[in-house]
Amino acid sequence: MGKDNRCFREVWFKDRDWLEYSVSKDAAFCFWCYLFRPSNIGFGGDDVFTRSGFINWKKAIEKFNELVGGVGSAHNEARIQFEGFKNQRQSVEYSFSSGKHELEVSYRKRLTFILKVIRFLLLQGLPFRGHDESSTSSNRGNFIELLKWYSSECPEVAAVVGMNAPGNNQMIAPKIQKQLVNACAVETTYAILADLGDMWFTLLLDEACDCSVKEQMTVVIRYVNKYGEVIERFMVVVHVATTTTTCLKEAIDSLFAKYGLSVARLRGQGYDGASNMSGEFNGLKSLIMKENPYALADKFRQLEHDRKVKLLERGEISSGRGLNQETSLARPGDTRWGSHHSTLCRIEQMWPSVIEVIDIILQEMDSRFSETTTDLLIYMSCLDPRNSFSRFDVQKLVRLAHFYEDDFSWNEHMLVEQELETYIDDVISDERFEGISDLGALAKKMIETMKNRVFPLVYRMIELALLLPVATATVERVFSAMNIVKTDLRNRIGDEWMNDSLVVYIEKDVFNTVDNEPIL
């Protein structure tokens with residue numbers, strides 16, 4: 001008991017909200033009196049509870065009660081002032097918090113409405129800026145004019161934009177527009193990368209000069225998604241300062257690093273054989289294959305041109321200017337994509353599957369193909385599902401698995417032959433696989449019937465075959481879109497602004513699946 005009288009006791013805090021204890025001074029204080037006790041009123045000749053601190057622990061309870069006193073005591077007057085001050089502070093904080101919340105809500109609405117305007121302009125490939133965006137201009141550009149129209153049609157929009165928005169928070173500056181467009185492009189690319197996951201992919205590259213005569217390299221990736229569908233997605237258009245092999249390789253390395261792509265997952269390369277940079281591209285192919293020997297470079301594009309020439313020689317298609325779009329190879333004034341479109345459609349009818357392309361390649365093969373490439377194409381042709389899988393050859397497909405040595409483990413190499421034999425018996429007897437005429441349809445049917453899980457090694461071979469780039473139509477489509485986004489009237493558009501606009505415009509089906517929330 002005596003020991004308790006020699007120190008401050010924690011139990012004294014109970015029912016004494018005013019009590020404070022200083023560990024460093026080993027003394028007690030009255031918080032209320034410290035803040036609001038009149039200076040002309042003391043306590044016991046020395047204002048110990050507000051200045052020096054109370055330390056007479058033996059008389060603690062007695063002195064605490066003496067401090068509190070009656071209703072009109074200085075302590076209770078200090079309490080009243082403290083409670084009034086606290087209520088006033090709470091009232092101010094509440095008012096400030098309410099006002100801040102309202103500002104945040106208005107800001108959020110304004111940003112959302114502006115994003116909707118931006119989404120519309122991006123999807124249509126329209127320019128944002130006007131020649132004269134001053135308040136007196138009759139045409140302030142598509143962005144401001146569309147936002148103005150939007151606010152005139154929707155009172156909710158009008159309440160937070162224009163005159164009803166803070167002068168320093170209009171959210172219509174070009175810098176804000178570019179940031180939002182970049183966010184749209186980034187989220188679209190993230191959606192593509194999420195769909196790609198850790199699957200294999202093929203790289204498709206081509207180059208062209210834009211309307212400001214800047215050399216632009218387009219990068220497209222080709223992969224097989226989780227539904228067994230062959231997907232080709234535009235990733236980026238890169239301005240290359242010089243068209244040397246080293247510069248192109250640096251651009252590819254930068255792209256892979258930015259998006260977390262691995263060269264180890266690369267299973268093919270596709271280039272336009274007619275490109276004026278074909279020499280540099282050949283050098284790029286070699287550099288990439290040094291890092292990954294499975295990133296096979298295709299010869300399909302050059303053979304496609306050869307095929308067109310032979311069709312012309314046989315009179316099956318015409319290059320005459322007076323013929324219609326279905327029979328003309330090219331017409332004056334067409335974009336690059338437009339000039340190839342009719343021919344590609346015709347060739348696509350003749351080449352409805354990867355296997356048929358392989359057939360033509362095998363028939364027209366010359367010294368440009370190595371023996372390894374030739375063998376690979378022969379092996380892949382054995383996956384052909386036409387005519388009840390008549391070309392199926394277990395031993396050749398076993399060799400295909402051995403060709404992609406790193407994609408099949410040692411145990412899988414031991415099991416692949418048995419799985420192939422079981423697979424062919426199964427699909428031939430399954431009526432759901434009747435009438436399948438191309439490899440893409442076969443892949444989707446295997447996913448649909450879940451046979452990709454039953455025969456994972458066979459499905460892996462089908463994926464590898466589907467990664468072979470057949471043509472560069474998707475790349476050509478990018479250049480066509482570039483001519484829409486970067487016109488003679490918009491020839492000063494920056495590289496990043498153009499790339500972001502192209503990503504959204506070209507991959508609009510992906511962008512339409514992106515919600516506003518991640519962009520905001």
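Position 1 is the first residue of the sequence, and the numbers go up from there. All heavy atoms count here, side chains included; hydrogens, waters and symmetry mates do not. No experiment lies behind these values; they were computed from the predicted model shown.
A donor-acceptor contact shorter than 3.5 Å is absent between the side chain of Glu434 and the backbone of Asp430.
Arg460 and Glu463 are not joined by a salt bridge, as no carboxylate oxygen comes within less than 4.0 angstrom of a charged side-chain nitrogen. We find that Asp198 and Arg265 are not joined by a salt bridge, their nearest charged nitrogen and carboxylate oxygen being 4.0 Å or further apart.
The CD atom of Glu232 sits 8.5 Å away from the CZ atom of Arg477 when rounded to the nearest 0.5 Å. Distance CZ/Phe234 to CG/Leu502: 5.0 Å, rounded to 0.5 Å. Rounding to the nearest 0.5 angstrom, the gap separating the CG atom in Leu103 from the CZ atom in Arg110 is 8.5 Å. Here the CZ atom belonging to Arg108 is positioned 9.0 Å from the CG atom belonging to Asn516, to the nearest 0.5 angstrom.
Within the 4.5 Å cutoff, side-chain heavy atoms of Ser152 are placed close to those of Trp149. Contact of the Leu255 side chain with the Asp253 side chain is not registered, since no non-hydrogen atoms from C-beta on lie closer than 4.5 Å. Looking only at side-chain heavy atoms (C-beta outward), Leu420 and Met461 come within less than 4.5 Å of each other.
A donor atom on one side chain and an acceptor atom on the other are found under 3.5 Å apart for Asp132 and Ser134.
Taking the six-membered ring where the residue is Trp, Phe256 and Phe201 present tilted rings, their angle falling between 30° and 60°. Using bins of under 30°, 30° to 60° and over 60° for the plane-to-plane angle, the ring pair Phe455/Tyr423 lands in the perpendicular bin.
Heavy atoms from other residues, nucleotides or ligands lying under 6.0 Å from CD of Glu405 number 12 at most. With a 6.0 Å radius and a threshold of 12 heavy atoms from other residues, nucleotides or ligands, Lys109 has its NZ atom at or below the threshold.
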Evaluate the criterion salt bridge (charged side-chain N to carboxylate O under 4.0 Å, His left out) for residue pair Arg233 and Asp509; output intermediate values, then yes/no.
-> CA-CA 11 Å; Arg233 295 295 186 196; Asp509 59 328; 3.2 Å; yes

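Between Phe128 and Trp497, the distance from one ring center to the other falls under 6.0 angstrom.
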